[in-house]
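The next block holds one structure in the form of structure tokens; read it before the comments.
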Amino acid sequence: MIVLGIETSCDETGVALYDSERGLLGHRVHSQVALHAEYGGVVPELASRDHVAKLAPHLRALLADTGIGLESVEGVAYTAGPGLIGALLVGAAFGRALALALKLPAVAVHHMEAHLLAPMLEPDPPAFPFVALLVSGGHTMLVAVQGVGRYELLGESLDDAAGEAFDKTATLLGLPYPGGPALAALAAKGDPERFVFPRPMTDRPGLDFSFSGLKTFALNTVQAQAGDEQTRADIARAFEEAVVDTLVIKSLRAVKATGIKTLVLSGGVGANRRLRKRLSELKQDHGIRVCYPSVALCTDNGAMVAYAGCLRLLAGQREAPAVEVRARWPLAEMAAPVAARC
């Protein structure tokens, strides 16, 4: 089954074709970073308009790249939430209209489920069950994944997501948008011994996160120090080390609590090199298998949507003609489909 995946939940326009027999056939992602850079963050109305302008051209380019015509597509999957309502509506309306015109089944995909399943697109995918650390600009959570649609939330951020804390701290340091990658690049030049930041909520039981206090600690440190380049780099390094340590400590705690020896990293912050390195060390130190998608599939993309949609379409899930999207959509509300594998 060849499924077209459409992703427009925020500031990336993604399209992809996934074949249940041959795997990922191709995908394209357009980033709106340049569009939003002068505002220091995503402007929802501009994001929606850019999706309108880019979606059809990128689909045409994808079909040309893969040599596959629309007549070969057998299903359409689109992100229906969570995300920016206007942006979601663009992709959902486009996907439903295309499905209706071609008389194809369509399925609404949960953005977080797509991220959780993204490592399945790699050559040596993890097997169920696994513990997933999902870290992005809007979410930080630990999830026990027993199968498609069978998710147990183990812990989540009680305030800022890790990616959001990265972006806000980058702004404090005067770094350009997008802040997360800029802060990581600056941190690479920093002295890891000069500043020590707290590791929030690691001194108490539980698997929840909190990063707002760490952001405030960074603010106070910035205000108390001279603003030279090396000091900024040292602060960035201390902040990144604190976030990474916190994520690793909680992930190891989740693995031990569940007895599941496979850990999956996903989401945009999953591209952070220091986090990947530290998590990879868990295999040697604790015998834990760590899996993550390629960097290109960490950020929002149509490939993960096509894959998640394929699983649900093969299980018989179908959407009604009406278009429905959700800004907020708890992962716990996802139902498990009949067992199926792409």
Side-chain angles (χ1 to χ4, degrees), residues 1-10 12-30 47-111 113-115 117-118 120-121 148-149 297 300-326 329 334-335 337-342:
M1 184 181 202
I2 298 178
V3 177
L4 168 66
I6 299 170
E7 159 59 28
T8 62
S9 66
C10 190
E12 276 98 15
T13 307
V15 291
L17 288 170
Y18 181 85
D19 187 341
S20 58
E21 300 297 326
R22 293 176 288 168
L24 183 62
L25 303 177
H27 77 109
R28 278 181 166 259
V29 178
H30 167 72
S48 301
R49 293 182 182 186
D50 200 58
H51 288 312
V52 171
K54 299 297 194 302
L55 197 48
H58 270 67
L59 175 56
R60 286 194 293 268
L62 174 66
L63 296 174
D65 290 343
T66 58
I68 293 173
L70 282 177
E71 68 279 359
S72 298
V73 175
E74 299 166 272
V76 178
Y78 56 88
T79 303
L84 302 175
I85 283 292
L88 289 167
L89 279 170
V90 174
F94 185 92
R96 291 299 292 122
L98 190 63
L100 285 170
L102 298 175
K103 296 181 174 58
L104 299 176
V107 65
V109 171
H110 191 292
H111 187 68
E113 177 173 76
H115 271 303
L117 299 176
M120 297 295 192
L121 291 164
V148 179
L297 297 183
D300 297 346
N301 62 86
M304 65 183 190
V305 176
Y307 178 76
C310 177
L311 289 172
R312 290 188 171 273
L313 285 168
L314 286 179
Q317 184 172 328
R318 302 290 188 272
E319 302 300 328
V323 174
E324 181 180 357
V325 297
R326 299 175 63 177
W329 189 358
M334 294 299 294
V338 177
R341 286 295 299 270
C342 280

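Given the structure is predicted, the values throughout are model-derived calculations rather than measurements.
- Distance alone, capped at 3.5 Å, places no donor-acceptor pair between the Ser9 side chain and the Gly83 backbone.
- Atoms OG1 and CG, from Thr66 and Leu25 in turn, are 6.5 Å apart once rounded to the nearest 0.5 Å.
- Rounding to the nearest 0.5 Å gives a distance of 6.0 Å between CG of Leu314 and CE of Met1.
- In terms of the side chain to side chain donor-acceptor pair (under 3.5 Å) criterion, residue partners of His30 (sequence neighbours excluded) are, by chain and number, Asp50.
- Here side-chain hydrogen bond (donor to acceptor under 3.5 Å, both in side chains) pairs that include residues 67-84, with residues two or more places apart or in two chains, are Glu7-Thr79.
- Shown here for Gly302 and Ala16, the closest heavy-atom pair between the two residues is C-CB, 3.3 Å.
- Qualifying side-chain contact (heavy atoms from CB on, under 4.5 Å) partners for Val52, counting only residues two or more places apart in sequence or in other chains: Val90.
- Between Leu24 and Ala303, the closest heavy-atom pair is CD1-CB, 3.8 Å.
- Judged as a side-chain contact (heavy atoms from CB on, under 4.5 Å), and not counting sequence neighbours, the contacts of Ala77 are Val3, Val107, Val109, Val305.
- Taking 4.5 Å as the limit, some side-chain heavy atom of Leu4 sits within range of a side-chain heavy atom of Leu62.
- Scanning both residues, Ala47 and Cys10, for their nearest heavy atoms gives CB-O, 3.7 Å.
- Listed by first and then second residue, the side-chain hydrogen bond (donor to acceptor under 3.5 Å, both in side chains) pairs involving residues 83-102 amount to none (not counting sequence neighbours).
- Taking every heavy atom of both residues into account, Leu88 and Pro82 meet most closely at CD1-C, 4.1 Å.
- The CD1 atom of Ile6 sits 5.5 Å away from the CG atom of Leu55 when rounded to the nearest 0.5 Å.
- Remark: Ala56 engages Arg60, Phe94 in a side-chain contact (heavy atoms from CB on, under 4.5 Å) (not counting sequence neighbours).
- The shortest non-hydrogen separation linking Ala114 to Ala308 is CA-CB, 4.1 Å.
- The ring pair (Phe, Tyr, Trp, His ring centres under 6.0 Å) search around His110 returns Trp329, not counting sequence neighbours.
- Counting only heavy atoms from C-beta outward, the side chains of Ile2 and Arg22 approach each other to under 4.5 Å.
- For the salt bridge (charged side-chain N to carboxylate O under 4.0 Å, His left out) test, residues two or more places apart in sequence or in another chain that qualify with Arg28 are Asp65.
- Under the rule for a side-chain contact (heavy atoms from CB on, under 4.5 Å), the partners of Arg49 that lie at least two apart in sequence or sit in another chain are Glu45.
- Two residues are said to be in side-chain contact when any heavy atoms from C-beta on lie closer than 4.5 Å; Leu59 and Leu98 meet this criterion.
- Applying the salt bridge (Lys or Arg N to Asp or Glu O under 4.0 Å) definition to pairs two or more places apart or across chains, those involving residues 304-319 are Glu113-Arg312.
- Judged by distance alone, with hydrogens and angles left aside, the side-chain atoms of Thr13 form no donor-acceptor pair with the main-chain N or O of Thr8 at under 3.5 Å.
- Residues Ala92 and Val325 share a closest heavy-atom pair of CB-CG1, 3.6 Å.
- Looking at heavy atoms from C-beta onward, His27 lies in side-chain contact with Leu297 at the 4.5 angstrom threshold.
- Taking His115 as the reference, His111 meet the ring pair (Phe, Tyr, Trp, His ring centres under 6.0 Å) condition, with sequence neighbours excluded.
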